[in-house]
Each structure stands twice: as C-alpha cells, then as structure tokens.
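Here's the structure we're looking at; comments come further down.
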Amino acid sequence: MLDLRVIRDDPDRLRASQRARGESIDVVDELLAADEARRSSLAEFERLRGEQKVLSKEIPHASGEEKQALLARAKDLAAAVKAAQAAADDAQVRLDELAMVPSNIVLDGVPAGGEQNYKVLREVGTAPELDKVRDHLELGEGLRAIDTERGAKVSGSRFYFLTGVGAQLELGILNLAMKTAVDAGFTPVITPTLVRPEVMAGTGFLGAHADEIYRLERDDLYLVGTSEVALAGFHANEIVDLDAGPLRYAGWSACYRREAGSHGKDTRGIIRVHQFHKVEMFIYCREEDAIAEHERLLGWEEQMLAAVEVPYRVIDVAAGDLGSSAARKFDCEAWLPSQSRWMEVTSTSNCTTFQARRLGIRERSGAGPRTVATLNGTLGTTRWIVAILENHQRPDGSVAVPTALRPYLGGVEVLEPVVPTRR
RNA sequence: GGAGGCGUCGCCUAGUCCGGUUUAUGGCGCCCGCCUGCUAAGCGGGUUGAGGUUCACCCCUCUCGCGGGUUCAAAUCCCGCCGCCUCCGCCA
C-alpha cells in the first residue's frame, strides 16, 4: 500500500513507476477521485455528528414540551447521521480497495521493462572447468544424499528426501547462514509457518502470486513461502523503537510453494520444489536508511556465497519483474554447470514503506509516529546444495566440501560416492 | 472440545451492576518549564492513535480487544468474533 499523501502531492511519480513496471496508469486518477469522494463524504458525516452531539447534551437539561421537541429533532438527526456515516464508510472502503491495487513505487535507477531487462552488476568467481559434468541429482544420488524417487512416492512430484550427507549439507548451509547473521548482529528467530490471512495479505503475497500459496481452508490459515511473511507480521500494528538502529532478524523456517505456473520447468532434482528450508534476513529501519540497508543485505549474501565458494553474478532486477512490494530487488545467481546457465540462489528486496503501511508498523519520531521501511534477503536455502554439488564435483563423482562447511560435516573434506555413479 | 475469568490512552489502575454532570480517574514512567551551587526533592504544565480542516495556531470527528445492534445519547445494555489466563477432557 502506498502513502495517499504522496499520490495526492505527486501523482506523476506513481504514473512513471506504473509505466516502468508495465502496469496500468489509470488507477492513479481513480485513486485521486476516490480520495476526494472519501474526504467530502467524511466532512459531511462529521458535521452532522457534531450537531448531534451538541443536541444530545441539551436533552438531559430540558423538560416538558421543550424536551419532546428536542427528542424529535434528535431522532431525525440520528437518521441523517447514520446515512452520512454509511456513505462515508462506503467511500472509505472503495478507497481502501483501490489503494491496494498499485504496486510499490520503484526506486530511481531500477531498469525498466520485464524479466529479460535485468542489469548485470558484477560476476564473481570463475566457472569450474569440467570435462564431464554430472548434474546435482546424479551427484546427490551417488552420494546417497538426495532421493527424489521416494520423495515422489511419499508426497508426489517436487518432493524429496535429503539423507545422510545431504541432510548434513542442508543443516550446514543453514547453520552457517545463521552464524553469519548472528555475527552481523541479527537476532535469530524460528518462525511459525502457518499464518493468518491478514498477515499474508499484508506482505503483498495475495495479489498476482496468490496461486503460489498453499491455503488450509478449514482453518483459514496459509502456509508461508518464506519466513519473510512471519517476520513482517512479527511487529504488525506496533510502534517499534529504532533509536538504537535498525531491527535485524534472521528467520529459519520451512517454506512451501505450490509452483502452480511452472509445469515442466526444472522438473529434475531439487531446484524447484514444494517444500524447502531457508534462512532469511529481515530488517525494519527508517525510510531514509533503507537504501544503505539494502546494500548491506546484498553484502551479507555475497559473503555467504563466497564462503561456499560458488561462482555467481549479481543482477539488478527490472521493474516489471519485481514483486508488488519491492521497490528494488537484487538477485544473486549461482553458476549451474550442468545447464550452463545462472540459477537464482538469493534475492533481496527493499520494500520501502509498502509492507509496513499495510501491516501498521511504525516508529516514533519527532513529528509523531511514521511508517518504517522493511527489507528482506536470502542467506541460505536448500537449493544451495545444487550449486555446491555441481561446482565442487570431481571427475570420479566425489564432491569437495568448501572449507566453511566442513565443521558441519564432521570435518570431512571430500564426500565420496557410496555406489559407483553410472555414466 | 467443555466450563469459568480477563481485555480501559507506554505500564499499573478507577469507572461497567444502575447509559447522560467523564472533555475517561489516579499513580508510575517520560517530556517541557519554574525553583535550587550541581543532582535529588518540590511546584506547574504536557504525554493513545487515526482522520478531516488549516500557511500555522485553533477546532472538529472517530478510537476503552475487534465487528455489529439498541438508543436522542454506549467504556457502560444486547449479539457475534478474536486474544490471553485457569481448570476439565482428548492427544502427544
């Protein structure tokens, strides 16, 4: 949700943003009209209500015929107040609905256009030179680390078991991510993965991407696709204290995604799955600090990628490919040797005040409470196993363990295949 | 799942039975001022949030967990919901 006062004062900013995203600009004028309708109907209600209150106070002091006359007038007025209130409420509801329509205003510098119009900011590391490339599933099966056949047997397609070193590898990635976050001053949090509708809506996930989300109809709860949802809801309807600096949380949770629109895409292995684990950074800060915090989030992500020694590039995602809440988004994409392409492994969004306004998250400032900014970023997920296995594979199907992960695998330097891999 | 209790402006609290003199009481904390070598104490004032209006000050409306209803008038009466606590049952 956007700040109506900004739209009122500078509607062209929203028009430019909508254009960059490839979204409707008509909504701007509709919004301005609805706002005007709301204000005039509200003024009428308040005028009548004020009159009613004055009259109502005279009644106990009156008596006899005078009182009867006052009562009669008051009764008429009560009906008028009720009607005016209904009109004002309707206008408010219409405005509220419209206000939820536009996506966040993109920041200056964000590339315009769609998914293909991203800008590459940098490439770090070099792709391994491999004569014979095994993909992560072949490697993972050889190591008895990944079992997608039994995953499908038990839960269906896009489910999997991580076994042995596979389970250890996932825990290693997540624990290293948590350690990185805690060392950077984040508060570690284990979050709920089922949330109420208003929290899901508040984070902006029930718009265009509603099909992606699992819903438990009997209980009116949603399964989260990221702990961002719970961490954003954590301070919902609160006035937080940012005097000591931004609030930084690192959430560890399972994540659930329906992958409704991705039939036939990434069907092999564990690149695109219905359930995985993730450590997610989440920041509440002052609006003016958001851009700097965003850079920091990207920095911690790159620190993690460096630690697992995987080549990657950083892209500045184009306006049309941003989520509705994001004003800017940087993705880190790891090199995927088996497909000779880049694969998203982290994503960090600056949501400015968009989420916080919907969720009622404010801070105290000299001029009274004001809405905070929220940001999020990935620090590690199950998918990282894919990038690590493929980039650290060796000709015999074994996989070198990056130094930073060795403590989480009992000090082992190389993961050896349990059965010879076929080729 | 059943029974009971509770929810008031940062925290605590009065008011709710019996609707109007409540612009919601008082204390703590916090902020400003006065006083005082300094500090403390003391004295005076301020201190929920949202919206409207305005250059600004002022003023107005809403806000007593949330949403409805009754009434000229609701913190107060009625209905529904949510959250927390206690006990019982069931499950682990």
Side-chain angles (χ1 to χ4, degrees), chain A residues 1-10 31-100 190-202 215-222 229-230 232-244 247 284 286-287 353-372:
Chain A
M1 189 165 55
L2 299 163
D3 187 347
L4 273 173
R5 271 166 295 204
V6 169
I7 298 172
R8 223 184 278 161
D9 294 345
D10 190 5
L31 215 42
L32 291 171
D35 182 44
E36 177 53 39
R38 164 187 149 269
R39 281 187 292 160
S40 60
S41 63
L42 187 61
E44 175 65 3
F45 159 69
E46 289 185 355
R47 186 184 65 77
L48 289 168
R49 176 65 178 156
E51 205 178 314
Q52 181 190 34
K53 283 179 75 167
V54 171
L55 197 55
S56 195
K57 272 181 190 149
E58 291 171 10
I59 289 174
H61 305 296
S63 59
E65 255 179 56
E66 190 193 357
K67 183 161 191 169
Q68 290 314 309
L70 285 176
L71 278 173
R73 262 182 66 203
K75 195 153 192 165
D76 290 344
L77 200 48
V81 167
K82 200 165 183 173
Q85 176 160 35
D89 287 350
D90 284 351
Q92 181 75 57
V93 168
R94 270 198 301 277
L95 178 64
D96 288 346
E97 285 170 359
L98 266 182
M100 296 298 252
I190 292 174
T191 69
T193 52
L194 286 167
V195 300
R196 298 168 171 281
E198 58 269 27
V199 174
M200 190 56 90
R215 179 173 177 212
L216 283 86
E217 202 157 342
R218 282 184 64 176
D219 302 285
D220 202 16
L221 290 169
Y222 291 90
V229 177
F234 191 64
H235 285 302
N237 299 312
E238 292 182 20
I239 296 178
V240 297
D241 185 356
L242 298 180
D243 284 349
L247 301 176
Y284 298 87
R286 296 192 170 127
E287 190 173 5
T353 58
F354 189 86
Q355 280 183 337
R357 185 165 296 105
R358 291 185 177 204
L359 290 165
I361 307 164
R362 294 163 296 166
E363 56 135 344
R364 276 197 198 287
S365 71
R370 60 171 197 155
T371 304
V372 304

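Order of the sequence lines sets the chain letters (A, B, ...), proteins ahead of strands, with each chain counted from 1. Just so you know, these numbers use all the heavy atoms, side chains as well, and skip hydrogens, waters and symmetry mates.
OP1 or OP2 of B/A73 has at least one side-chain nitrogen or oxygen of A/Gln52 nearer than 4.0 Å.
Base pairing in RNA chain B gives the following stems of 3 or more Watson-Crick or G-U pairs, range against range and under 3.5 Å: B:1-7 with B:82-88, B:10-12 with B:26-28, B:29-34 with B:42-47, B:49-52 with B:59-62, B:65-69 with B:77-81.
Using a 4.0 Å heavy-atom cutoff across all strands shown, A/Arg370 reaches no nucleic acid atom at all.
With sequence neighbours excluded, the residues satisfying salt bridge (charged side-chain N to carboxylate O under 4.0 Å, His left out) with A/Arg215 are A/Asp220. For A/Glu36, the salt bridge (charged side-chain N to carboxylate O under 4.0 Å, His left out) test picks out A/Arg39, with sequence neighbours left out. Remark: A/Phe234 engages A/Tyr249 in a ring pair (Phe, Tyr, Trp, His ring centres under 6.0 Å) (not counting sequence neighbours).
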Let me check something: any side-chain donor-acceptor pairs from residues 72-90 of chain A under 3.5 Å, sequence neighbours excluded? List them with distances.
none

Hey, can you pull the donor-acceptor pairs under 3.5 Å for the side chains in residues 41-57 of chain A, sequence neighbours left out?
| from | atom 1 | to | atom 2 | distance (Å) |
| --- | --- | --- | --- | --- |
| A/Ser41 | OG | A/Ala37 | O | 3.0 |
| A/Ser41 | OG | A/Arg38 | O | 3.0 |
| A/Glu44 | OE1 | A/Arg47 | NE | 3.4 |
| A/Glu44 | OE2 | A/Arg47 | NH2 | 3.2 |
| A/Arg49 | NH1 | A/Gln52 | OE1 | 2.7 |

Name every donor-acceptor pair, under 3.5 Å, that has one atom in a side chain of residues 2-10 of chain A and the other anywhere in the protein, sequence neighbours excluded.
| from | atom 1 | to | atom 2 | distance (Å) |
| --- | --- | --- | --- | --- |
| A/Asp3 | OD1 | A/Arg5 | N | 3.0 |
| A/Arg8 | NE | A/Asp35 | OD2 | 2.7 |
| A/Arg8 | NH2 | A/Asp35 | OD2 | 3.3 |

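Each of A/Lys53 and A/Lys75 has a nearest nucleotide on RNA chain B; the 5'-most of these lies closest to A/Lys53.
Rounded to a whole angstrom, the distance from the P atom of B/C28 to that of B/C43 is 10 Å. Taking the P atoms as reference points, B/U61 lies 13 Å from B/A74, given to the whole Å. To the nearest whole angstrom, the two C1' atoms, one in B/C82 and one in B/G67, are 10 Å apart. Taking the P atom of each, B/G65 and B/U16 are spaced 15 Å apart, rounded to whole Å.
Taking a 4.0 Å limit (strictly below) on heavy-atom distances, residues 77-96 of chain A reaches RNA chain B at A/Ala78, A/Lys82. Contacts of residues 31-48 of chain A with RNA chain B (heavy atom under 4.0 Å): A/Arg38, A/Arg39, A/Leu42, A/Phe45, A/Glu46. Within residues 232-242 of chain A, no residue is approached by RNA chain B to less than 4.0 Å at the level of any non-hydrogen atom.
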Nucleotide N/O to protein N/O under 3.5 Å, stretch nucleotides 76-80 of chain B:
none

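With B/A50, B/C62, B/G51 as the choices, the nucleotide that has an atom nearest any side-chain atom of A/Pro369 turns out to be B/A50.
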Nucleotide by nucleotide, 5' to 3', does protein get under 4.0 Å of the base (B), only the sugar-phosphate (S), or neither (-) in nucleotides 17-24 of chain B, counting heavy atoms?
---B----
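In terms of modelled atom types and a separation under 3.5 Å, the side chain of A/Arg362 and the main chain of A/Glu238 share no donor-acceptor contact.
Taken from CD1 in A/Ile361 to NE2 in A/His235, the straight-line distance is 8.0 Å, to the nearest 0.5 Å.
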